[in-house]
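Computed over heavy atoms, backbone and side chain alike; hydrogens, waters and symmetry mates excluded. Read the numbers this way: they start at 1 and go in the same order the structure lists the ligands and their atoms.
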Amino acid sequence: MVDQVKHWHVTYNDIHNLIRQATPKIAAEFNPDLLIAIGEGGFFPARVMRTFLREETGNKTLQIQAIGLSLYEPLEGTKAEQIGQEVIRTQWLGPDSGKLLLGKRNLIVDEVDDTRKTLHYAVSELRKDIEKELLSFPESDRDRLRAATKFGIFVVHNKAKTKLAELVGDTPYFVGAEVGDVWLNYPWEAIDIENHDRLALLDTIQTK
Ligand code: 5GP
């Protein structure tokens with residue numbers, strides 16, 4: 001069978017530079033206290049973003065935590081309200097998740113926003129952890145603590161396509177680059193990195 005999907009090869013340097021360009025806006029408008037990498041694609045971007053954020057904001061203690069999410073292919077007839085169930089957790093923040101996030105500006109980092117199901121799941125589930133944690137505080141403190149807890153999102157690439165899920169609330173959203181509905185080949189998936197970089201160069205030449 002012939003692969004009909006258009007592929008776009010992205011190099012480590014492309015990703016590094018997109019993150020560098022995106023960081024000043026993130027530092028100015030969100031200034032995260034914590035990075036939450038969605039594994040596995042968000043690991044490398046979060047690590048690189050930490051370098052630039054530390055430089056930009058002077059926050060030398062900025063930490064990265066990780067969650068692992070995997071998208072289940074929906075079965076035929078799946079309804080919109082079942083969307084969250086198509087994403088499964090392979091790793092989470094542990095029993096103290098809510099405590100870790102409460103009162104912080106938490107930036108969720110992933111490599112690509114495709115259907116948006118993964119990002120929707122991440123934000124809504126992390127918010128649930130906050131709500132659980134808030135139960136251990138007096139009711140009079142909860143609104144203030146909830147308001148002090150922020151979530152933002154950074155993705156290296158956002159695909160311009162119809163999304164199958166919404167972002168929760170008015171979550172600040174930052175993007176390295178907007179792309180079409182292509183299949184992105186990331187360098188960490190490559191076996192032969194030199195050949196990957198050659199293909200990336202060809203992709204760039206062919207679009208000129
Ligand atoms: P979602 O559809 O939930 O936005 O994306 C789910 C996950 O699918 C992403 O985190 C990523 O791991 C994977 N994915 C989606 N589009 C692409 C792509 O173009 N290239 C690669 N390598 N992975 C993708």
Side-chain angles (χ1 to χ4, degrees), residues 2-19 22 35-49 64-76 78-93 106-128 151-169 171-193 195-204 206-207:
V2 182
D3 183 0
Q4 300 285 356
V5 182
K6 164 104 184 79
H7 286 249
W8 180 261
H9 295 77
V10 192
T11 68
Y12 280 115
N13 283 10
D14 293 336
I15 294 165
H16 206 93
N17 286 325
L18 286 174
I19 296 171
L35 301 181
I36 301 170
I38 302 183
E40 299 158 350
F43 291 164
F44 178 83
R47 177 61 189 87
V48 175
M49 170 144 285
I64 304 174
Q65 294 284 339
I67 57 176
L69 296 177
S70 184
L71 193 61
Y72 248 148
E73 281 310 308
L75 299 169
E76 217 171 294
T78 303
K79 299 193 187 74
E81 58 271 28
Q82 291 175 298
I83 279 171
Q85 292 162 21
E86 295 163 20
V87 179
I88 52 161
R89 295 178 184 200
T90 53
Q91 184 184 334
W92 206 248
L93 298 177
N106 304 290
L107 186 70
I108 297 167
V109 179
D110 208 355
E111 89 279 41
V112 56
D113 177 1
D114 183 13
T115 65
R116 197 159 281 174
K117 288 182 197 170
T118 303
L119 292 171
H120 169 90
Y121 181 92
V123 179
S124 47
E125 292 297 300
L126 291 169
R127 281 191 189 278
K128 283 184 198 164
F151 288 97
I153 289 170
F154 170 71
V155 286
V156 179
H157 296 107
N158 175 43
K159 293 191 197 175
K161 64 190 284 185
T162 307
K163 303 296 179 182
L164 301 180
E166 298 282 323
L167 292 178
V168 185
T171 314
Y173 182 84
F174 304 95
V175 179
E178 300 283 348
V179 294
D181 192 7
V182 294
W183 186 259
L184 296 152
N185 287 64
Y186 286 100
W188 45 81
E189 299 162 344
I191 303 295
D192 179 343
I193 194 67
N195 192 48
H196 175 91
D197 285 356
R198 269 193 291 278
L199 293 171
L201 187 61
L202 280 177
D203 287 341
T204 311
Q206 277 162 13
T207 56

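Regarding atom 20 (N) of ligand 1, its nearest protein heavy-atom neighbour is Leu184 O, 2.8 Å. Nearest protein heavy-atom contact of atom 10 (O) of ligand 1 is Asp110 OD2, 3.3 Å. Looking at atom 12 (O) of ligand 1, its nearest protein heavy atom turns out to be Glu111 OE2, 3.1 Å. If you check which protein heavy atom lies closest to atom 9 (C) of ligand 1, you get Val112 CG1, 3.9 Å.
Within the structure, the closest approach of Val182 to ligand 1 falls below 4.0 Å when heavy atoms are considered. At least one heavy atom of Glu189 sits closer than 4.0 Å to an atom of ligand 1. His157 does not count as a contact of ligand 1, since none of its heavy atoms falls under 4.0 Å from the ligand. Within the 4.0 Å heavy-atom shell around ligand 1 one finds Lys159.
Just one residue in the list Arg116, Glu86, Arg89 forms a side-chain contact (heavy atoms from CB on, under 4.5 Å) with Tyr121, and that residue is Arg89. Shown are Glu40, Glu111, His157; of these, the side chain to side chain donor-acceptor pair (under 3.5 Å) with Tyr186 is made only by His157. Just one residue in the list Leu107, Leu167, Leu126 forms a side-chain contact (heavy atoms from CB on, under 4.5 Å) with Phe151, and that residue is Leu126.
Looking at Thr118 against ligand 1, both its backbone and its side chain come within 4.0 Å, counting heavy atoms. Residue contacts with ligand 1 for Leu69 are absent, since no atom lies close enough (heavy atoms, distance under 4.0 Å).
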Applying side-chain contact (heavy atoms from CB on, under 4.5 Å) to Lys163 and Leu119, what does each step give before you reach the verdict? CA-CA 11 Å; Lys163 303 296 179 182; Leu119 292 171; over 6 Å; no
Between Phe174 and Asn158, is the side-chain contact (heavy atoms from CB on, under 4.5 Å) condition met? List the steps. CA-CA 9 Å; Phe174 304 95; Asn158 175 43; over 6 Å; no
Start with the C-alpha distance between Ile19 and Phe154, add both sets of side-chain angles, then the distance that settles side-chain contact (heavy atoms from CB on, under 4.5 Å), and finish with yes or no. CA-CA 9 Å; Ile19 296 171; Phe154 170 71; 3.9 Å; yes
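If you number the atoms of ligand 1 from 1 as listed, the ones under 4.0 Å from a heavy atom of Leu71 come out as 2 (O), 3 (O), 6 (C). Residue Thr115 approaches ligand 1 through these ligand atoms, each under 4.0 Å from one of its heavy atoms: 1 (P), 2 (O), 3 (O), 4 (O).
Here the side chain of Asp14 pairs a donor or acceptor atom with the backbone of Thr11 at under 3.5 angstrom. No donor-acceptor pair closer than 3.5 Å links the side chain of His9 to the backbone N or O of Thr204.
Atom 5 (O) of ligand 1 is approached by the protein to below 4.0 angstrom, counting heavy atoms only.
With a 4.5 Å cut-off on side-chain heavy atoms, Trp188 and Ile15 count as touching.
Between Tyr186, Trp8, Trp183, it is Trp183 that holds the heavy atom closest to atom 23 (N) of ligand 1.
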